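Written out below as structure tokens is the structure these notes cover.
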Amino acid sequence: MSNLRNKVQLIGNVGNTPEIKNLGSGKKVAGFSIATNDFYRTSGGEKVQDTQWHNIVAWGKTAEIVEKYVSKGKEIAIEGKLTSRSYEAGDGSKKYVTEIIAGEILLLGGNTANDA
């Protein structure tokens, strides 16, 4: 069970065009968000959609795959680990961020009109 520590798996749609940065070391990093949807019914029988947004960070070869093949609206599967960090914003306030560091990305769905 040691492989199950801090493991996240998500399937969702890319919410923005991935931001690719080339670091001085020659490594690449990609950042983007994905939306996951859950559906449930209220006590009155009304169907409700709950959308959650997740920040994704990919490094190295995974970032290169993101750069080439991932675009806004694309359905993808992510496997990675959950991380949290904090930083000081320009106004001096402390900000907290939770991200998923992608280890693997799987492109889902077929070609759409947007892919042509």
Side-chain angles (χ1 to χ4, degrees):
M1 282 245 188
S2 64
N3 291 341
L4 296 179
R5 291 187 187 148
N6 195 6
K7 184 175 185 179
V8 177
Q9 294 178 323
L10 296 172
I11 295 176
N13 294 88
V14 178
N16 59 327
T17 301
E19 183 180 325
I20 309 297
K21 292 181 184 174
N22 292 303
L23 304 178
S25 64
K27 251 188 169 177
K28 285 189 181 191
V29 61
F32 59 99
S33 64
I34 67 169
T36 56
N37 296 306
D38 193 16
F39 298 91
Y40 63 92
R41 294 204 179 269
T42 64
S43 58
E46 180 184 349
K47 187 177 181 179
V48 177
Q49 177 179 329
D50 178 34
T51 302
Q52 297 290 319
W53 289 92
H54 312 276
N55 295 320
I56 311 295
V57 177
W59 292 90
K61 296 279 187 196
T62 307
E64 291 174 16
I65 291 168
V66 168
E67 182 178 36
K68 287 182 183 178
Y69 302 109
V70 174
S71 58
K72 182 177 179 177
K74 191 95 167 154
E75 184 179 37
I76 63 173
I78 301 278
E79 182 176 287
K81 65 181 180 176
L82 198 59
T83 62
S84 296
R85 61 183 174 86
S86 63
Y87 64 94
E88 189 173 307
D91 63 2
S93 63
K94 194 166 191 174
K95 302 289 184 182
Y96 298 90
V97 179
T98 300
E99 300 168 320
I100 296 162
I101 306 300
E104 291 186 44
I105 294 180
L106 180 63
L107 306 172
L108 303 174
N111 290 337
T112 64
N114 293 336
D115 293 341

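Values in this document were obtained by computation on a predicted structure and should not be read as measured data. Heavy-atom basis, side chains included; hydrogens, waters and symmetry copies ignored.
The two residues Y40 and D50 come nearest to each other via the heavy atoms CE2-CB, 4.2 Å. Of all non-hydrogen atoms in S33 and N55, the two that sit nearest each other are CB-OD1, 4.2 Å. The two residues K81 and N6 make their nearest non-hydrogen contact at CB-O, 3.3 Å. Contact between A58 and A102 at its shortest, heavy atoms only, is CB-CB, 4.3 Å. Between A30 and V66, the shortest heavy-atom distance links the atoms CB-CG1, 3.8 Å. For the pair T36 and H54, the tightest heavy-atom approach, listed with the atom from each and the gap, is OG1-NE2, 2.8 Å.
Atoms NZ and CD, on K27 and E64 in that order, are 11.0 Å from each other to the nearest 0.5 Å. Atom CD1 of I34 sits about 9.5 Å away from atom CD of E75, to the nearest 0.5 Å.
Transitive grouping of hydrophobic side chains (ILVMFWY, heavy atoms separated by less than 4.5 Å) brings V14 and I65 into a common cluster. Taken together through direct or relayed side-chain contacts under 4.5 Å among Ile, Leu, Val, Met, Phe, Trp and Tyr, I56 and I11 form parts of separate hydrophobic clusters. Residues I100 and L107 share a single hydrophobic cluster, defined by chaining ILVMFWY side chains whose heavy atoms lie under 4.5 Å apart. A chain of hydrophobic side-chain contacts below 4.5 Å, direct or via other Ile, Leu, Val, Met, Phe, Trp or Tyr residues, connects L10 to L82.
Between W59 and L23 the shortest side-chain heavy-atom distance falls below 4.5 Å. Within the 4.5 Å cutoff, the side chain of I20 has heavy atoms near those of the K28 side chain. A 4.5 Å side-chain heavy-atom check between K94 and E88 finds every atom pair outside the cut-off. Proximity of I76 to L108: side-chain heavy atoms (C-beta onward) are nowhere separated by under 4.5 Å.
Judged by the 6.0 Å and 45° rule, K47 forms a cation-pi pair with F39.
For E79, the CD atom counts as densely surrounded, since its 6.0 Å shell holds more than 12 non-hydrogen atoms of other residues, nucleotides or ligands.
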Derivation of the side-chain contact (heavy atoms from CB on, under 4.5 Å) call for V8 and I78: CA-CA 8 Å; V8 177; I78 301 278; over 6 Å; no

